[in-house]
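If you're wondering where the values come from, they're calculated on a predicted model, not measured in any experiment.
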Amino acid sequence: MAVALRRSRVSEPFFCARYALSPYRGCGHGCLYCDGRAEKYYIEGDFVHDVEERAWLPDALGAELRTVREKAFVSLASGVSDVYQPRERRLELTRRCAEALARHRFPAVVATKSNLVLRDLDVWSEIARESGFLLLTSIAILDEDLRSDVEPGASSIAERFEMLARFKDAGCATGVLAMPVLPGLSDDDETLDELYRRCAEVGVDCVIPGNLTLRPGRQKELFTMYIARSRPDLVPTYRRLYAEERASGNTEYGYRAALYRRFAELGAKHHMPPAIPHAIFAGRIGVACELHLVLSHMVSLYRNRGIDTHRLEIAVGRYRKWLDRTRVTFNRRRALEPSWVDDELRLTFDDHERATELLGNKKLAEFATRIVHDRAVLDYRTVEL
């Protein structure tokens with residue numbers, strides 16, 4: 001049977017997930033800027049209409065979850081599809097995956113631009129109670145006419161804010177992916193401030209911002225054609241911002257740096273952390289992965305405050321190498337208990353000298369010990385335990 005889950009040795013910092021799945025490739029939402037259109041992702045045929053449907057995935061997932069030794073968040077989020085795109089209404093592949101996750105008590109994170117996710121609120125709220133759940137939705141545009149132009153198949157902005165409120169009322173954690181912010185279209189100060197204000201109003205737990213990337217090739221060509229057709233006055237701006245033709249599709253540095261400074265100011269003003277808060281995954285995953293996520297997030301939290309992160313980045317690298325080595329041993333020895341990696345971490349932090357040697361930083365070792373042994377939780381708004 002085909003493999004349902006993509007697996008990593010550690011939880012990646014963006015979605016805080018070690019496992020990922022996607023019942024579809026390609027996406028009927030048809031967003032003009034979608035990174036998934038790029039050649040890098042090898043989507044065959046028409047991105048919007050020739051969507052691959054993985055009908056086998058829910059059954060494969062149910063079988064596979066029985067063999068997973070360590071619980072961690074499963075990400076139902078993808079740069080090449082939306083798990084709640086239009087055909088999900090008929091096929092219910094995502095709902096069946098959600099039911100499998102609920103049966104096996106795995107925490108999950110979903111990212112979607114569709115209020116179809118409300119259909120499955122019963123399953124996701126159960127997972128929230130039993131294991132942990134986070135709903136993310138992308139909102140980077142407040143003008144509905146612009147939204148309908150560039151995100152033609154997605155739910156309206158009003159519908160997305162409503163679904164965030166309903167999930168929050170049901171006891172689920174929620175967040176907004178404020179991305180991609182479109183140069184000259186949705187990056188003005190008033191729009192961004194209003195976006196953060198509305199996010200705070202519905203009580204989301206985080207706002208994760210991002211600029212527009214246009215990878216050279218068909219993704220960039222499609223979006224710049226839209227700009228030339230709808231806003232020819234912005235053509236020189238886009239030529240300048242994307243003149244470097246970076247493989248990542250990123251803008252020139254000056255624009256990007258200034259934009260992220262504004263994101264940091266808005267996050268501070270509206271008390272919105274730029275990453276999934278520790279409180280959402282604390283106690284839901286192994287403490288070894290939990291510590292890795294917190295240390296990784298601290299890098300971006302301190303950068304937002306203009307604090308040098310060089311020593312912290314070195315410490316994160318040292319810890320990541322230790323965790324990789326430890327998990328390689330764990331994976332090779334099937335007889336080890338599922339808690340073995342966490343037990344090894346606790347033994348290390350029983351000895352302050354060993355903990356300091358691991359992280360290369362005495363003060364950081366004391367901080368990490370409070371997370372490992374005292375189960376302290378870092379408040380991302382204040383950056384204090």
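Proximity of a side-chain donor or acceptor of Arg262 to a complementary backbone N or O of Leu192 within less than 3.5 Å is not detected. Proximity of a side-chain donor or acceptor of Asp143 to a complementary backbone N or O of Leu146 within less than 3.5 Å is detected. Side chain of Arg147 to backbone of Ile141: no donor-acceptor contact under 3.5 angstrom is found. No donor-acceptor distance shorter than 3.5 angstrom exists from the side chain of Glu194 to the backbone of Arg197, with no hydrogens or angles considered. In this structure a side-chain-to-backbone donor-acceptor pair under 3.5 Å is missing from Thr356 to Ala365. Not a single donor-acceptor pair under 3.5 Å links the side chain of Ser81 to the backbone N or O of Val83. Although no hydrogens or angles enter the test, the distance criterion places no donor-acceptor pair under 3.5 Å between the side chain of Arg381 and the main chain of Pro273. Remark: the backbone N or O of Leu5 is paired with a side-chain donor or acceptor of Glu64 at under 3.5 angstrom. Remark: the backbone N or O of Tyr242 is paired with a side-chain donor or acceptor of Lys220 at under 3.5 angstrom. With hydrogens and angles ignored, the 3.5 Å screen pairs no side-chain donor or acceptor of Thr309 with any backbone N or O of Arg303.
By the 4.0 Å N-to-carboxylate-O rule, Arg311 lies too far from Glu313 to be salt-bridged with it. Between Asp122 and Arg95 a salt bridge is recorded (basic side-chain N to carboxylate O distance below 4.0 Å). Salt-bridge formation is detected for the pair Arg18/Glu70: a Lys NZ or Arg NE/NH1/NH2 atom is positioned less than 4.0 Å from an Asp or Glu carboxylate oxygen. A salt bridge links Glu151 to Arg160: at least one charged side-chain nitrogen sits closer than 4.0 Å to a carboxylate oxygen. Comment: Arg375 engages Glu290 in a salt bridge, judged by a side-chain N to carboxylate O separation of less than 4.0 angstrom. One finds no salt bridge joining Asp324 and Lys321 here, because no Lys/Arg side-chain nitrogen approaches an Asp/Glu carboxylate oxygen to under 4.0 Å.
Inspection of the His278 and Tyr380 side chains reveals no N or O donor paired with an N or O acceptor under 3.5 Å.
Thr329 has its side chain out of reach of Arg332: every pair of non-hydrogen atoms, C-beta onward, lies at least 4.5 Å apart. Looking at Ile285 and Lys71, their side chains never come closer than 4.5 Å, going by heavy atoms from C-beta outward. Residues Phe349 and Leu291 are in side-chain contact: their nearest non-hydrogen atoms beyond the backbone lie under 4.5 Å apart. Side-chain atoms of Val377 and Leu385, non-hydrogen and from C-beta on, never get closer than 4.5 Å to each other. In this structure, Phe367 and Asn361 have side chains that are not in contact, with every pair of non-hydrogen atoms separated by 4.5 Å or more. For the pair Cys31/Lys113, a side-chain contact is recorded, criterion being any heavy-atom separation below 4.5 Å from C-beta on. Using a 4.5 Å heavy-atom threshold, the side chains of Phe281 and Pro107 count as separate. Looking at Arg37 and Arg215, their side chains never come closer than 4.5 Å, going by heavy atoms from C-beta outward.
Under a cut-off of 6.0 angstrom, the local environment of CZ in Arg239 is sparse, with at most 12 non-hydrogen atoms contributed by other residues, nucleotides or ligands. Within 6.0 Å of atom CZ in Arg105, 12 or fewer heavy atoms from other residues, nucleotides or ligands are found, so the atom counts as exposed in its surroundings. Around the CZ atom of Arg166, the shell of radius 6.0 Å holds no more than 12 heavy atoms that belong to other residues, nucleotides or ligands.
Interatomic distance, Arg89 CZ to Leu91 CG, rounded to the nearest 0.5 Å: 12.0 Å. With rounding to the nearest 0.5 Å, the separation of OG in Ser230 from CG in Asp149 is 6.5 Å. Within the model, atoms CZ of Phe14 and CG of Leu136 stand 7.5 Å from one another, a figure rounded to the nearest 0.5 Å. Atom CZ of residue Arg284 and atom CZ of residue Phe73 lie 7.0 Å apart, to the nearest 0.5 angstrom.
A parallel orientation is assigned to the rings of Phe133 and Trp124, their planes being inclined by less than 30° (bins at 30° and 60°).
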Open item on the list: Could you walk me through whether Tyr253 and Glu244 satisfy the side chain to side chain donor-acceptor pair (under 3.5 Å) test, starting with their C-alpha distance in whole Å, then the side-chain angles of each, then the deciding distance to 0.1 Å, before giving a yes or no?
Closed with: CA-CA 10 Å; Tyr253 177 77; Glu244 295 172 354; over 6 Å; no
Open item on the list: Go through it in stages, so that I can follow the logic: the residues are Tyr84 and Asn115, the test is side chain to side chain donor-acceptor pair (under 3.5 Å), and I'd like the CA-CA distance, side-chain angles, deciding distance and then a yes or no.
Closed with: CA-CA 8 Å; Tyr84 281 101; Asn115 67 350; over 6 Å; no
TODO: Begin from the C-alpha positions of Thr213 and Asn250 and carry the test side chain to side chain donor-acceptor pair (under 3.5 Å) through to its verdict.
DONE: CA-CA 5 Å; Thr213 57; Asn250 233 327; over 6 Å; no
